[in-house]
Amino acid sequence: MTDNILVLVRHGESEWNRLNLFTGWRNPDLTEKGVIEARVAGRMIRDNGAKFDIAFTSVLKRAQHTLDIILSELDQPDVPIVRDAALNERDYGELSGLNKDEARKKWGEAQVRDWRRSYDIPPPGGESLKDTLARVRPYYDSAIWPQITQSKNVIIVAHGNSLRSLIMILEGLSGDEILQRELATGAPILYRLGADGRAIDRKDLLPARSLAAPPEDRIV
C-alpha cells in the first residue's frame, strides 16, 4: 500500500449544468453555486489534512476554475498543475449545446437514453464512455501513475465521465458497474492505492453522498 493519496473531484456546477444542456467539450464556466461547491470541496479536503505535490485537470475552464478554488482553500496555490485534454469530459458530438429535453424530441426518448446510459454506444459525432476510457487509461498510466509511484500526493479535478473512467481503473469496475456510480459536482473522493495501482481504501468526503448528482446529470 502506498502512503500517499489520490483525490478525485468533479468540477462544481457549470452554467450548462444549470441549464440542463449537454456540455461535453464545450467550455462554460462555473455558476455561483459551482464556485461555492468548489470552496466546500477545498475545505473538506483541508479538514482531512491533505497536502498535494501535483495537480491534474482538463483543458476546460469549469474544471480548471474548480481546481484553482480548491488549491486556494488549501492555501496551496503554487502546486504544479498539468492540464491535458485526455481528462476532458466525453465529447457529446451533435448533442453538445442541446437541451436534454430538446434532444429527446429530436431523436426520441429511447435513442437518447441509449446514448446517455450505455457504456459503448456513442452519440453521433461523439464519444461513448468506452471511448473516453480509451484516452484516459493511457494518460493515467503514462502521466499520473508515475507520480503516485514516486510517493507524491495527487489531486485530479475533471468531469463526470473522465472521472468514471479513472474509477473503473482504480476500482477494477466493469462498464455495467460504473454506470451505477453517481458523481456529485464538487464531491471529493480520497483514495489510497496498492502497489498494483488498485484502490485499497476509498473515502467519500461528502457523508452518505449528501449531494447526489441531479437526475438530469446521471448516466442511468
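The shown structure was predicted, so the numbers you read here are calculated from the model rather than taken from an experiment.
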Can any side-chain N or O of Asn153 pair as donor or acceptor with the backbone N or O of Lys51 at less than 3.5 Å?
yes

CG of Leu95 to OG1 of Thr23, rounded to nearest 0.5 Å, is 11.0 Å

Going from OG on Ser128 to CZ on Arg116, what distance comes out if it is rounded to the nearest 0.5 angstrom?
15.0 Å

If you measure from the Lys or Arg side-chain nitrogens to the Asp or Glu carboxylate oxygens, is any gap between Glu171 and Arg202 under 4.0 Å?
yes

Considering only NZ, NE, NH1 and NH2 on the basic side and carboxylate oxygens on the acidic side, decide whether Glu89 and Arg26 come within less than 4.0 Å.
no

Do [X] and [Y] make a side-chain contact, defined as non-hydrogen atoms from C-beta onward lying under 4.5 Å apart?
X: Arg135; Y: Glu127; value: yes
X: Arg62; Y: Trp16; value: no
X: Gln111; Y: Asp114; value: yes
X: Ser162; Y: Asn88; value: no
X: Asn20; Y: Asp101; value: yes
X: Leu30; Y: Glu37; value: no
X: Asn161; Y: Leu163; value: no
X: Leu87; Y: Thr57; value: no

Of Thr185, Thr31, Thr66, the one forming a side chain to side chain donor-acceptor pair (under 3.5 Å) with Glu13 is Thr31

Minimum-distance pair of heavy atoms, taken over all atoms of [X] and [Y]:
X: Ala41; Y: Val9; answer: CB-CG1, 4.4 Å
X: Ala63; Y: Ser58; answer: CB-OG, 3.6 Å
X: Leu193; Y: Ile148; answer: CD1-CD1, 3.8 Å

Under 3.5 Å donor-acceptor pairs involving side-chain atoms of residues 68-81, not counting sequence neighbours:
unit_1: Glu73; atom_1: OE1; unit_2: Arg43; atom_2: NE; d: 3.0
unit_1: Gln76; atom_1: OE1; unit_2: Phe52; atom_2: N; d: 2.8
unit_1: Gln76; atom_1: NE2; unit_2: Ala50; atom_2: O; d: 3.3

Under the side chain to side chain contact (heavy atoms under 4.5 Å, CB included) test against Val82, which residue among Ile156, Ile54, Ile144 passes?
Ile54

Can you list every pair that meets ring pair (Phe, Tyr, Trp, His ring centres under 6.0 Å) and has a residue in residues 87-113, with sequence neighbours left out?
Phe22-Tyr92, Trp107-Trp115

Can you list every pair that meets ring pair (Phe, Tyr, Trp, His ring centres under 6.0 Å) and has a residue in residues 153-173, with sequence neighbours left out?
His11-His159

Count the heavy atoms of every other residue, nucleotide or ligand shown that sit under 6.0 Å from CD of Glu177, and state whether that count exceeds 12.
yes

With a 3.5 Å cut-off and no angle check, do the side chains of Lys203 and Asn48 form a donor-acceptor pair?
yes

